[in-house]
Structure formats: structure tokens, C-alpha cells
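Whatever order the structure lists ligands and atoms in, that order sets their numbers, starting from 1. Keep in mind that what you see is a predicted model, and the values were worked out from it rather than measured.
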Amino acid sequence: MRRKLAAGNWKMNGTLAALGEVDSLALAAQGAAEVLVCPPFPLIAPAAGRVPGVAIGGQTCHPETSGAFTGEVSAGMLADVGASYVILGHSERREMFDEHDDHIRARCRAAWQAGLKVILCIGETEAQRDAQNTLDILGGQMAGSIPDGATGHNLVVAYEPIWAIGTGRTATPDQIGEVHDFIRARLERRFGAGVGRSTRLLYGGSVKPGNAAEIFAVSNVDGALVGGASLKSADFILIIDALNAASD
Ligand code: PEP
């Protein structure tokens with residue numbers, strides 16, 4: 001019912017030459033799982049449609065459709081050059097670019113209006129986890145940043161514990177399972193059982209070839225949002241293969 005999704009977040013990495021990494025995903029992208037690469041803005045147009053089965057997405061978008069917003073890119077512009085997804089609310093955007101839940105909610109609405117699917121990121125800091133506030137924090141982020149109108153088609157939620165992003169530390173299967181069960185229950189409560197059960201939930205935070213299978217075996221994990229390990233196709237392919245195996 002929920003097609004698994006392997007999503008790569010290239011962050012601010014990659015040049016035209018790096019598109020060869022996308023080309024290398026061609027075979028892995030023919031499996032059961034959906035494959036998505038989110039490169040920096042300048043690479044979206046040349047990456048889109050380049051490899052059958054590899055969808056392309058942006059890493060943020062502005063809430064307005066156009067205007068005097070120097071340096072920004074609208075959701076419609078992403079869709080126009082071939083993106084089908086956009087990542088919103090990544091912790092690096094929240095922390096470094098001061099994006100708060102209300103900004104993210106507005107971006108999400110704009111993305112949906114442009115026909116993009118949204119990968120909405122939520123996650124707690126280590127201090128919040130240590131203080132046993134994880135579920136409260138995540139519940140607040142979901143309530144604040146997901147607008148009305150979510151469906152299993154237009155929304156994917158990515159649980160990304162901030163302390164696990166780019167650190168080599170990964171949440172344990174128990175920690176991931178607890179959070180993903182919670183996210184699904186919250187989605188069901190707010191949007192109804194149909195939406196709650198059909199929305200895909202990704203885990204993100206130092207997913208590597210060596211830990212992917214264990215993470216994909218956790219219930220309510222429908223795939224991964226992968227940062228560092230998505231930059232090298234050899235690693236990303238192993239993660240996609242693990243997800244394809246978990247889809248059987
Ligand atoms: C991310 O940035 O979304 C991410 C999960 O990064 P990494 O896989 O490198 O931890």
C-alpha cells in the first residue's frame with residue numbers, strides 16, 4: 001500500500017559532473033522502491049528526467065509564487081524545471097536559516113499548490129531527547145508545520161533526530177519504532193485513518209549501507225532520507241537495494 005522511498009539529500013554538494021552519480025542509479029531505480037535525488041537548485045533541471053525511475057526534488061522553496069525575494073526559488077519554479085518533490089523543514093534550514101513551523105507550513109501549502117510532494121522533516125535535539133521531550137517536540141512540529149489538506153500522496157514525513165544527522169550516530173531500532181508509531185498515530189488522529197495509514201514515514205540520520213537493512217526492518221519505516229551516503233552512488237545503491245529487499 002505504501003511504496004517505499006529512498007530519498008537522497010545532496011545538500012550544498014555537487015556540480016554538473018556529479019550527475020554521473022544519478023546516472024549510476026539507473027538499475028537500482030528499477031526495483032520496487034521509489035528513488036529520489038534532491039540536488040542543489042542549479043542541478044535540478046539537468047537532473048530531471050535524466051534517468052528513468054529517478055525522481056528529482058528541491059531542498060526548500062519560498063512560500064510566494066514570485067516577486068522581490070532575492071535569492072529565493074518558488075515551488076512553481078521547481079515544478080517548472082522538473083522537480084516532483086521538495087524537502088521542507090530540514091533541521092539545517094530550521095537552525096541555520098531561522099525557518100520556524102509557521103514558515104514551513106506556508107512553504108508546504110505553496111508546494112502543494114504547485115503540485116509538488118513534500119518531505120516534511122521533524123526531529124529533536126539531543127538535549128530534548130535527554131529531557132524525555134522527544135514526542136512532545138515532534139508532535140508540536142507536526143501540528144505547527146503540516147497544513148490542513150495532507151494526503152498520503154502529497155506528504156511524506158521524515159523523522160530526523162538532529163543528533164544523528166551527519167554524526168555517524170544512528171537512532172536505535174527501538175527509538176525509531178517508538179517515534180514512527182507516534183507519527184502515524186498523530187497523522188491518523190488529525191487527518192483520519194486513510195491518510196494516516198497511507199502517508200510514508202522516512203527515517204533520516206546517518207543511514208549507511210551497513211545499517212540500512214536493520215532500520216528498514218522497523219515497523220512503520222517506509223524508507224530513508226539519506227544525506228552523506230547519497231552523494232556516492234555506490235553507497236546509495238546499497239541502501240536502495242536494502243529497501244528493495246525490504247519491499248518484497
Ligand atoms: C540529512 O541531512 O537529511 C541526513 C540524514 O544526513 P546524513 O544521512 O548525512 O546524516
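Here Arg50 pairs with Asp23 in a salt bridge; the nearest charged N to carboxylate O distance falls below 4.0 Å. At a threshold of 4.0 Å, the pair Arg3-Asp222 does not count as salt-bridged, since none of the basic side-chain nitrogens sits closer than that to a carboxylate oxygen. Checked for salt-bridge contact, Asp148 and Arg105 miss the test: no charged N lies under 4.0 Å from a carboxylate O.
Which parts of ligand 1 touch Asn9 is read off a 4.0 Å heavy-atom cut-off, strictly below it: atoms 2 (O), 3 (O). Shown in contact with Gly205 at under 4.0 Å from a heavy atom are these atoms of ligand 1, numbered in order with element: 5 (C), 10 (O). Near Ala164, meaning under 4.0 Å from any of its heavy atoms, are these atoms of ligand 1: 10 (O).
Ligand 1 does not have Ser230 within reach: every non-hydrogen atom of the residue lies 4.0 Å or more from it. Put simply, part of Gly166 is less than 4.0 Å from ligand 1, judged by heavy atoms. Using 4.0 Å as the threshold, Lys11 has a heavy atom nearer than that to some atom of ligand 1.
A donor and an acceptor atom, one from each side chain of Glu124 and Trp163, are located under 3.5 Å apart. Defined by atom type and a distance below 3.5 Å, a donor-acceptor pair is present between the side-chain atoms of Glu34 and Tyr85. Under 3.5 Å, the side chains of Ser24 and Glu21 contain no donor-acceptor pair of N or O atoms.
Atom NE2 of His153 has 12 or fewer neighbouring heavy atoms from other residues, nucleotides or ligands inside a 6.0 Å radius. Surrounding CZ of Arg190 are more than 12 heavy atoms belonging to other residues, nucleotides or ligands, all under 6.0 Å away.
Here the protein heavy atom with the shortest distance to atom 1 (C) of ligand 1 is His90 NE2, 3.2 Å. The protein non-hydrogen atom at the shortest distance from atom 9 (O) of ligand 1 is Gly228 N, 2.9 Å. When hydrogens are left out, the protein atom nearest atom 5 (C) of ligand 1 is Glu160 OE2, 3.1 Å; that is the closest non-hydrogen contact. Of the protein's non-hydrogen atoms, Gly227 N, 3.6 Å is the one closest to atom 4 (C) of ligand 1.
Under 4.0 angstrom from ligand 1, the non-hydrogen atoms of Ile165 come from both its backbone and its side chain. With a 4.0 Å cut-off on non-hydrogen atoms, Cys121 does not touch ligand 1 at all.
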